[in-house]
Amino acid sequence: MPDGALSSPSSPSGSCYEPDVLVIGGGVAGLWCAYFLRLAGHTVTVLDRNAVGDPVACSSGNTGFVANGGVPLAGPGVLRHGLFSVLRPDDRLALPPTLDRRRLHWLWQLHRAGSPEQVQRSAALMMEFKRRSLEILHELRVSDLPHPDFVPTGVVQAYKTADAFARARRALPRAVASGIRLRVLEPEELRELEPDTEFDIAGALYNEGGGFLRVPNFVVSLARTLTEMGVDLVEDCTVEGFELSGRTAVGVRTNLGDFRPREVVVAAGSWSATLARMLDLELELQPVRGYTVTVRRPDNAPRGLVLLVEGTVAVRPFGDQLRYGGDMVLAGMDSSIAARRVARVLRTVQAHLPALEGTEVLQVWAGLRPCTPDSLPFIGRAPAYDNVTVAAGHGHNGMGLTPVGGQLVAQLLGGSTPAMDLAPFRLDRYSAAPSWLRPRNARLRVAGARRHPAPQAGSPAAGGPR
């Protein structure tokens, strides 16, 4: 268990077996859902298959970047470039050959999501999500919560080529009009911000509203805040199946016992797709492996956050350390470390910051980001159920998308009008792919779900008095 992680009982307390809401997933997505649900007055239990803040979790090993820009994974030519990544090791997205039907189905949807119109829609929604999330984080930072771990430092967005910088400048007025505090950073301003670091770039923008979350401290701190608010956190708890009755999930079976909540929220990151299949739901969700490399901080390291935009690598000072984060590999639930991809991250940093002194590598980490083809998360009710909600698919923007995602889930379950239109985030938004691409067992009941006759109105399973 990581330093500072919460300890949990070997089995849940009696009070958390029948909560108002059971949140499956103790990463940032699940914890933010629990936070806003508890604020709304619900009794909440959170289950996690590991310890909250565990090093294997995507919420723990990343850079913690939160900025209010947004570049979707899909785009014109991204699939073609990804397929050629076998021959071009510096491509940001690697798509190893596969015969897995679910992965091929997802790639088909990635291709469809790459039209200029859809990319523009996705980018605009991502920016709105992040703008709202930054407001939440700023409010928490100045509130009375005991563990504020958001540091609003601003972000330098560095562009290696003149073409990329020109495109960014052309898009600047639209970004500013949408509320993003973004401006061109003149060379002398960059030297003033980063006097110790030499940049080999065509230009830079400055995102004044960006910052970072202290990970993994933030995840553990948020979990501790939740326990102080009365949320039950149950660690090392594996979901084994669901009890179904009509349109209701009446029970959740785990290795630590059965839970009978009124509402179920699936917010388990890359594992959400497996849980959804237990409910006979197919989510267009694939894990995309990313890396962080943590080194001893050299004397000429950047003082603040730097995003190497074209290389999709983030650079973050980390106390006496420096962390680089990036890369995208579509390889299923495989979190093994590939030296070739780590080398790509290091080459990208060296190309942008050529004088950066080489220092000791302290840690190389790989994690699985839950990605959708259009880079928009799933936020909404499961179509076949009245009490199952999904909050997953935040991809490589999880720290910046999950705060408002949790707020929207709480509004949805509370019966109020969500602050954003949820139609672009619905679970069934993707059109059907050719039949040969569809997963063979897409409509077969998965072992682990038990269905009972639909309950009569007024019975406990129908949501009536208990």
Side-chain angles (χ1 to χ4, degrees), residues 29 68-85 91-98 100-130 164 167 171 174-175 178 269-270 272-273 276 281-290 309-310 312 326-332 368-380 382-383 390-398 400-402 404-405 408 420-439 442:
N68 45 12
V71 179
L73 180 59
V78 68
L79 187 56
R80 181 178 67 255
H81 289 299
L83 292 173
F84 277 104
S85 63
D91 278 354
R92 69 188 183 107
L93 174 64
L95 302 176
T98 182
D100 181 276
R101 286 200 176 201
R102 286 193 173 90
R103 212 176 304 166
L104 291 171
H105 194 275
W106 187 91
L107 288 170
W108 170 268
Q109 300 293 0
L110 179 72
H111 171 69
R112 292 175 62 88
S115 69
E117 298 78 16
Q118 180 58 51
V119 169
Q120 186 172 340
R121 284 194 296 270
S122 294
L125 287 165
M126 289 169 66
M127 285 192 288
E128 178 62 12
F129 244 69
K130 290 183 176 182
R167 287 195 300 270
R174 186 171 64 247
S178 67
S270 294
S272 297
L281 300 171
E282 281 291 332
L283 295 180
E284 287 290 356
L285 186 70
Q286 281 289 320
V288 175
R289 187 170 68 225
V309 178
E310 292 138 289
T312 60
D327 210 55
M328 294 177 281
V329 182
L330 185 70
L368 302 174
R369 305 163 175 139
C371 292
T372 63
D374 59 9
S375 297
L376 300 177
F378 291 118
I379 305 286
V390 175
H394 301 87
H396 58 285
N397 293 289
L401 299 181
T402 51
V404 74
L408 292 170
M420 295 179 66
D421 179 13
L422 296 184
F425 314 109
R426 68 185 190 277
L427 277 61
D428 58 354
R429 64 182 181 264
Y430 296 102
S431 59
S435 58
W436 62 272
L437 279 177
R438 296 172 196 163

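The shown structure was predicted, so the numbers you read here are calculated from the model rather than taken from an experiment. Just so you know, these numbers use all the heavy atoms, side chains as well, and skip hydrogens, waters and symmetry mates.
Between atom CG of residue Asp421 and atom CD of residue Glu128 there is a gap of 11.5 Å, rounded to the nearest 0.5 Å. The line from CG of Asn397 to CE of Met126 is 4.0 Å long, rounded to the nearest 0.5 Å. Here the straight-line distance linking atom CG of Leu283 with atom CG of Asp428 works out to 10.5 Å at 0.5 Å rounding. Between Leu330 atom CG and Leu107 atom CG the span is 5.5 Å, to the nearest 0.5 Å.
Closest of all the heavy-atom pairs between Ala391 and Ala29 is O-CB, 4.0 Å. Minimum interatomic distance between Ser375 and Ala74 (heavy atoms only, all atoms of both residues): OG-N, 4.4 Å. Across every non-hydrogen atom of Leu427 and Gly380, the tightest pair is CD1-O, 3.7 Å. The two atoms that bring Gly269 and Pro370 nearest to each other are C-CB, 3.5 Å, heavy atoms only. Taking both residues in full, the closest heavy atoms of Ala382 and Leu281 are given as CB-CD1, 3.5 Å, listed atom of the first, atom of the second, then distance.
Among residues two or more places apart in sequence or in another chain, the ring pair (Phe, Tyr, Trp, His ring centres under 6.0 Å) test is passed with Phe129 by Phe425. Residues passing the salt bridge (charged side-chain N to carboxylate O under 4.0 Å, His left out) test with Arg112: none are found, sequence neighbours excluded. Residues satisfying the side chain to side chain contact (heavy atoms under 4.5 Å, CB included) criterion with Gln118, sequence neighbours excluded, are Ala113, Ser115, Arg121, Ser122, Asp374.
Between Glu284 and His105 there is a side-chain heavy-atom pair separated by less than 4.5 Å. Counting heavy atoms from C-beta on, the side chains of Ser272 and Leu285 come closer than 4.5 Å. In this structure, Leu73 and Leu110 have side chains that are in contact, with non-hydrogen atoms separated by less than 4.5 Å. Val288 places none of its side-chain heavy atoms less than 4.5 Å from the side chain of Val329. Annotation: side chain of Asp327 is not in contact with side chain of His396 (no heavy-atom distance under 4.5 Å). At least one side-chain heavy atom of Arg369 sits under 4.5 Å from a side-chain heavy atom of Met328.
Side chain of Asp100 to main chain of Arg103: a donor-acceptor pair is present (N/O by atom type, distance under 3.5 Å, no hydrogens or angles). At least one donor-acceptor pair closer than 3.5 Å links the side chain of Trp106 to the backbone N or O of Cys371. At distances below 3.5 Å, at least one donor-acceptor pair connects side-chain atoms of Arg429 with backbone N or O atoms of Arg426. Put simply, the side chain of Thr372 never gets that close to the backbone of Pro377: no donor and acceptor are under 3.5 Å apart.
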Can you check side chain to side chain contact (heavy atoms under 4.5 Å, CB included) on Thr98 and Leu104, steps first, answer last? CA-CA 8 Å; Thr98 182; Leu104 291 171; 4.1 Å; yes
